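What follows is a short report on a single structure.
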Amino acid sequence: MSSTHTLAPVPTPVPEEVGRLYDRLTALDTAKTGGSLHLGYWDPEDDEVPLVEAADRLTDMMTDRLGIDENHRVLDVGCGVGQPAMRIARRTGAHVTGISISHDQIGRATELAEAAGLGGRVEFRHADAMRLPFEDDSFDAAIAIESVFHMPDREQVFSEIRRVLRPGGRLVLTDFFERAPIPADKRPAVDRLLRDFIMTLAQPEDYVPMLRRAGLRFVELLDITERSVRQTFEQMSRTTHGEEEMQTAFDEEADEKFSPAAMLGVDEFGSVLLTAQKPA
Ligand SMILES: C[S@@+](CC[C@H](N)C(=O)[O-])C[C@H]1O[C@@H](n2cnc3c(N)ncnc32)[C@H](O)[C@@H]1O
């Protein structure tokens, strides 16, 4: 039996540890992923489109749900190295403020935006999403691409986002969730992923009650798993970035580390696109 079977339960994420993980990942060559740090989105007929392109497509799908233009201010919660924020600013003309718990990501994102001539339209700031350093009602929309699963309490984050959104403003996010109970033989691969990336999986039935308690109105929930998860892990498992380089970022003590290939066939591991709105 593999040693991963003896792993203790996946702990609640600690933001500072997540920040250090992303500091280490920022040292890797993110050009291979086009700067995005999230899944791609594929149509059934275009399975082979590169991850870089498919990842931008997911950003665009989410952006289209924000209802924004050049008059609006957008908050990007968990902004990575800024690729989604820059793409949103270019496509819509909106002003985007990105926050990350990783100091190194904020440094890299700021450099990349300046190099792209977007310094006036996007800005990046180190902050914890659990306590957003912004005034009430200060953004027209918020996006959170694959970031809330790293946070200790999704409901608290939703509540903070609601506070900083203006009435009528939208939140669009993607998250990982347990689509169906994960069978015992697939649990080690999933636990390894959750542990190495310091994440928790949501339960699908929790989203609407969490949003309601946070003061947000539910708008839409899309299970995008079939268009995103397998294709991303397949492409990652074919690159050194997925299998070797990335492992240098994880816990050196661990005898087994995250492997994208180990996630192939884990159909219970789901990805969701969720839209909510602050009541007008
Ligand atoms: C998987 S990356 C996604 C980055 C970006 N959204 C993208 O799609 O390229 C997760 C991001 O969430 C951020 N994050 C995680 N926990 C956070 C927290 N408590 N506060 C702020 N950012 C956080 C990480 O620093 C990282 O930027």
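Please read these numbers as outputs of a predicted model, since none were measured by experiment. Whatever order the structure lists them in is the order used to number ligands and atoms, beginning at 1. Position 1 is the first residue of the sequence, and the numbers go up from there.
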Under 3.5 Å between some N or O of ligand 1 and some N or O of [X]?
| X | answer |
| --- | --- |
| Tyr22 | no |
| Ser100 | yes |
| Gly78 | yes |
| Pro15 | no |
| Gly80 | yes |
| Asp76 | no |
| Leu37 | yes |
| Met151 | no |

>> Once you measure the plane-to-plane angle for Phe269 and Phe176, does it fall in the parallel (<30°), tilted (30-60°) or perpendicular (>60°) bin?
In response: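 Because their plane-to-plane angle lies in the 30° to 60° range, the rings of Phe269 and Phe176 count as tilted.
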> Among Arg20, His38, Glu16, Arg125, which residue places a heavy atom closest to atom 8 (O) of ligand 1?
Replying inline: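 Shortest heavy-atom distance from atom 8 (O) of ligand 1: His38.
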> Of the choices Glu160, His150, Glu146, His126, which has the non-hydrogen atom that lies closest to atom 16 (N) of ligand 1?
Replying inline: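 Heavy atom nearest to atom 16 (N) of ligand 1 belongs to His150.
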> Do you reckon Leu165 sits in the same ILVMFWY cluster as Leu66, going by side-chain contacts under 4.5 Å, direct or chained?
Replying inline: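 No; Leu66 is not reachable from Leu165 via cluster members.
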> Should Phe177 and Leu193 be counted in the same cluster of Ile, Leu, Val, Met, Phe, Trp and Tyr side chains packed under 4.5 Å apart?
Replying inline: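 No: no chain of side-chain contacts under 4.5 Å links Phe177 to Leu193.
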Can you pull out the closest protein heavy atom to [atom]? Residue, atom name and distance to 0.1 Å, please.
| atom | answer |
| --- | --- |
| atom 26 (C) of ligand 1 | Gln105 OE1, 3.4 Å |
| atom 20 (N) of ligand 1 | Ala129 N, 2.9 Å |
| atom 19 (N) of ligand 1 | Asp128 OD1, 2.9 Å |
| atom 22 (N) of ligand 1 | Ile101 N, 3.2 Å |
| atom 21 (C) of ligand 1 | Ala127 O, 3.3 Å |
| atom 12 (O) of ligand 1 | Ser147 CB, 3.2 Å |

> Taking NZ, NE, NH1 and NH2 as the nitrogens, is one of them in Arg192 or Asp196 under 4.0 Å from a carboxylate oxygen of the other?
Replying inline: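 Salt bridge: yes.
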> Salt bridge between Arg179 and Asp267, side-chain N to carboxylate O under 4.0 Å?
Replying inline: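 Here Arg179 does not pair with Asp267 in a salt bridge, since their nearest N and O are not under 4.0 Å apart.
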>> Quick one about Asp223 and Thr225 (side-chain donor to acceptor, distance below 3.5 Å, no hydrogens or angles considered), yes or no?
In response: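 Note: Thr225 and Asp223 side chains meet the donor-acceptor criterion.
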> Any side-chain donor paired with an acceptor under 3.5 Å for Thr200 and Arg154?
Replying inline: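 Looking only at side-chain atoms, Arg154 and Thr200 do form a donor-acceptor pair, the distance falling under 3.5 Å.
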> Yes or no on side chain to side chain contact (heavy atoms under 4.5 Å, CB included) for Leu171 and Arg162, after CA distance, side-chain angles and deciding distance?
Replying inline: CA-CA 8 Å; Leu171 163 65; Arg162 193 254 314 133; over 6 Å; no
Heavy-atom pairs closer than 4.0 Å: do any link ligand 1 to the side chain of [X], the backbone, both, or neither?
| X | result |
| --- | --- |
| Pro13 | neither |
| Val18 | side chain |
| Ala144 | neither |
| Gln83 | neither |

>> A quick test of your reading: do over 12 heavy atoms of other residues, nucleotides or ligands sit less than 6.0 Å from CZ of Arg212?
In response: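 For Arg212, atom CZ is not crowded (no more than 12 foreign heavy atoms under 6.0 Å).
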>> Please check if the number of heavy atoms outside Glu205 that lie under 6.0 Å from its CD is greater than 12.
In response: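 Atom CD in Glu205 is crowded, with more than 12 foreign heavy atoms closer than 6.0 Å.
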>> Under a 4.0 angstrom heavy-atom cut-off, which atoms of ligand 1 come close to Pro84?
In response: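 That gives atoms 7 (C), 8 (O), 9 (O) of ligand 1.
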> Of all the atoms in ligand 1, which lie at a distance below 4.0 Å from a heavy atom belonging to Ser36?
Replying inline: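 Selected atoms, number and element: 9 (O).
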> Step by step, would you call Val77 with Met151 a side chain to side chain contact (heavy atoms under 4.5 Å, CB included)?
Replying inline: CA-CA 11 Å; Val77 180; Met151 300 176 190; 4.0 Å; yes
>> As a quick check of understanding, evaluate side chain to side chain contact (heavy atoms under 4.5 Å, CB included) for Val122 and Phe124, giving each step before the final call.
In response: CA-CA 7 Å; Val122 297; Phe124 300 100; 3.8 Å; yes
> Under a heavy-atom criterion of less than 4.0 Å, does Met130 contact ligand 1?
Replying inline: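 Contact check Met130 vs ligand 1: negative.
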> Going through the checks in order, is the salt bridge (charged side-chain N to carboxylate O under 4.0 Å, His left out) test met by Arg91 and Asp56?
Replying inline: CA-CA 11 Å; Arg91 274 186 84 228; Asp56 280 340; over 6 Å; no
> Do Arg121 and Val96 have side-chain heavy atoms sitting under 4.5 Å apart?
Replying inline: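 Result no, sub-4.5 Å side-chain heavy-atom pair not found.
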